[in-house]
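Structure record follows, encoded as structure tokens.
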Amino acid sequence: MTWKAIVHSAMGTRHEQRGQPCQDYGNYRIEGAYLLGAVADGAGSAKRAEVGAKIAVESALEAIAQELTRSFSIPLHGPTVPSYEEIEAIAPALFTTVFEEVLTALHREAHEQDHDLRDLGCTLLVLLATPDWVAAMQIGDGFIVLRSGEAESYQLLFEPDKGEFINETVFVTTEGAIDYMDVGVQPCKSPFLCAATDGLERVAIRLQDWEPFTPFFKPFEACLTQLPDQQDRQDYLKTFLESERLNSKTDDDKTMLACLYDRDKQEGL
Amino acid sequence: MIVGQPEFVENPENRCPVILLVDTSGSMAGGPIEALNEGLKTFRETVLEDEQASLRVDVAIVGFGPVELVQDFVTIDQLNPPQLVANGLTPMGEAISFALDLLESRKVTYRANGIQYYRPWVFLITDGAPNPGSPWQQAAQRVQMAEQQRKLSFFAVGVQGADMNTLSQVAPPARPPLMLNGLDFKSMFLWLSDSMVRVSSSTVGGDMVALPPVGWGQITT
């Protein structure tokens with residue numbers, strides 16, 4: 001198993017001042033050759049956004065694992081993984097189902113807890129990756145950046161889904177949100193992947209041309225390749241996300257999921 | 001093994017544009033214009049207390065006795081509040097159109113420089129009625145249209161003597177004009193700065209930003 005991943009959510013200083021909880025959430029699973037990951041940013045205006053974000057992430061991970069096997073007969077721990085062409089063909093249907101499952105889970109929670117669905121509003125970014133390709137979806141803002149082990153530079157998968165104004169975005173619970181869902185599939189050998197909520201956008205992406213800022217991402221890749229201990233890798237991310245240096249640049253909640261497929265390890269080098 | 005720290009890209013601050021569209025016609029002379037000038041200083045000082053807001057709130061001031069760009073867009077930390085002088089008539093329609101054009105050109109500048117921005121505010125303050133012949137209906141139509149398309153938030157404030165009937169036709173139905181309590185511009189500007197601080201620190205779900213309660217004016221019907 002040579003996927004390595006770290007994930008952490010840190011509360012924004014503005015939320016702390018207002019006594020709001022951290023409304024971001026992120027998680028991942030490593031299943032055979034697959035990396036499944038998701039991050040969500042609860043809407044500041046939604047009353048139970050932190051609950052919505054967690055449910056969205058967990059139900060997305062579960063849905064993607066289930067759906068690969070159930071609808072596409074792709075066993076997670078099978079001997080081979082689908083080719084890029086095969087995943088490209090099924091990705092739109094796969095992520096549409098994932099979206100529907102997430103929405104169903106949110107509806108269920110809203111019903112059981114007597115919330116309005118909008119009280120659970122959040123953005124959602126989902127990743128499905130193998131050593132050869134990356135498939136992803138995004139609703140609302142936040143970003144997914146990737147680098148193929150064979151490429152020099154980092155690439156932003158989707159331009160942020162913003163309205164004209166910075167403080168307006170689409171949420172999973174927005175009516176017709178599915179129409180705003182970006183789905184992308186890319187061939188990517190030994191990927192480095194980073195999915196994050198919009199709290200990190202200003203420090204990681206040059207907004208003029210949506211270029212990922214290499215000196216921001218490189219250290220995370222170094223962390224994943226060079227720190228031998230998972231706890232150290234995880235602590236590196238946590239320390240960074242909670243640092244004063246970062247908080248002076250952004251006062252929003254921020255979540256980052258960083259993953260790397262380390263082919264060297266597999267080949268025993 | 002030591003791993004270096006991530007470096008940050010330098011992006012320009014987000015901007016939160018607001019145009020103060022103020023009646024500087026002759027009838028504002030004396031107490032009203034003095035209170036307004038004092039209010040502007042309060043506005044600056046209060047926003048300055050929030051460092052982030054002072055870099056984000058981007059204010060322009062348009063006067064109308066004759067329509068005049070008193071202060072082009074500038075962030076609060078750079079603002080030197082002008083001394084408004086009252087004279088002339090009330091070309092309200094021309095002034096509103098001027099402000100809307102000014103806003104559009106500001107947005108072009110933002111976009112060209114990769115600056116992200118919040119929904120702009122236009123804040124009209126008047127103590128009178130438009131000049132006869134001032135194309136205020138056309139201006140009102142532009143305001144209503146822009147509001148409908150959620151392109152801006154328009155606020156109208158009447159000072160004693162204002163033609164509230166006209167103002168209520170200019171202001172969007174969802175946000176009727178307010179009558180200022182006496183000459184309490186200070187409270188109004190405190191409210192405006194508090195609102196701007198809230199908006200400029202908001203992240204997602206923009207129009208859900210809860211504005212502070214209005215303690216400085218009444219809705220007249």
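Letters A, B, ... are given to chains in the order of the sequence lines, protein chains preceding strands, and every chain is numbered from 1.
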The single option from A/Lys218, A/Arg245, A/Met256 that satisfies side chain to side chain contact (heavy atoms under 4.5 Å, CB included) with B/Pro6 is A/Arg245
Applying a strict 4.5 Å limit to non-hydrogen atoms, the region of B/Glu13 in contact with chain A is both
Nearest heavy-atom contact between B/Gly114 and A/Leu207 is O-CB, 3.8 Å
Okay, A/Ile205 and chain B: the region with an atom under 4.5 Å from a heavy atom over there is backbone
Would B/Glu7 and A/Phe217 count as a side-chain contact (heavy atoms from CB on, under 4.5 Å) if you check the C-alpha gap in whole Å, the side-chain angles of each, and the deciding distance to 0.1 Å? CA-CA 8 Å; B/Glu7 290 175 38; A/Phe217 293 98; over 6 Å; no
The interface call for B/Arg15 against chain A, heavy-atom contacts under 4.5 Å, is neither
If one checks every heavy atom of A/Phe220 against chain B at 4.5 Å, the contacting part turns out to be side chain
Under 4.5 Å to a heavy atom of chain A? For B/Lys151 that would be both
So with a 6.0 Å cut-off around CD of A/Glu211, is the heavy-atom count from everything else above 12?
-> yes
Heaviest contributor of heavy-atom pairs below 4.5 Å to chain A, chosen from B/Arg111, B/Gln5, B/Glu51, is B/Gln5
What I want to find out is whether A/Lys249 reaches B/Glu10 closely enough, with some N-O distance under 4.0 Å, to be called a salt bridge.
yes
Rounding to 0.5 Å, atoms CG (B/Asn11) and CZ (A/Arg206) come to a distance of 9.0 Å
* Counting only heavy atoms not in B/Lys107, do more than 12 sit closer than 6.0 Å to its NZ atom? -> yes
(Q) Between A/Phe216 and B/Phe8, is the side-chain contact (heavy atoms from CB on, under 4.5 Å) condition met? List the steps. (A) CA-CA 6 Å; A/Phe216 178 86; B/Phe8 300 145; 4.1 Å; yes
The interface call for A/Ala204 against chain B, heavy-atom contacts under 4.5 Å, is backbone
Q) Take atom CZ in A/Arg233; do more than 12 heavy atoms of anything else shown fall under 6.0 Å from it? A) yes
If you tally heavy-atom pairs under 4.5 Å between each of B/Ile115, B/Val9, B/Asn113 and chain A, the highest tally belongs to B/Val9
**Message:** Within a 6.0 Å radius of atom CD on A/Glu244, are there more than 12 heavy atoms belonging to other residues, nucleotides or ligands?
**Reply:** no
Applying a strict 4.5 Å limit to non-hydrogen atoms, the region of B/Gln52 in contact with chain A is side chain
| message | One pair to check against side-chain contact (heavy atoms from CB on, under 4.5 Å): A/Arg202 and B/Asn14. What are the steps and the verdict? | response | CA-CA 10 Å; A/Arg202 292 180 54 74; B/Asn14 307 326; 2.9 Å; yes
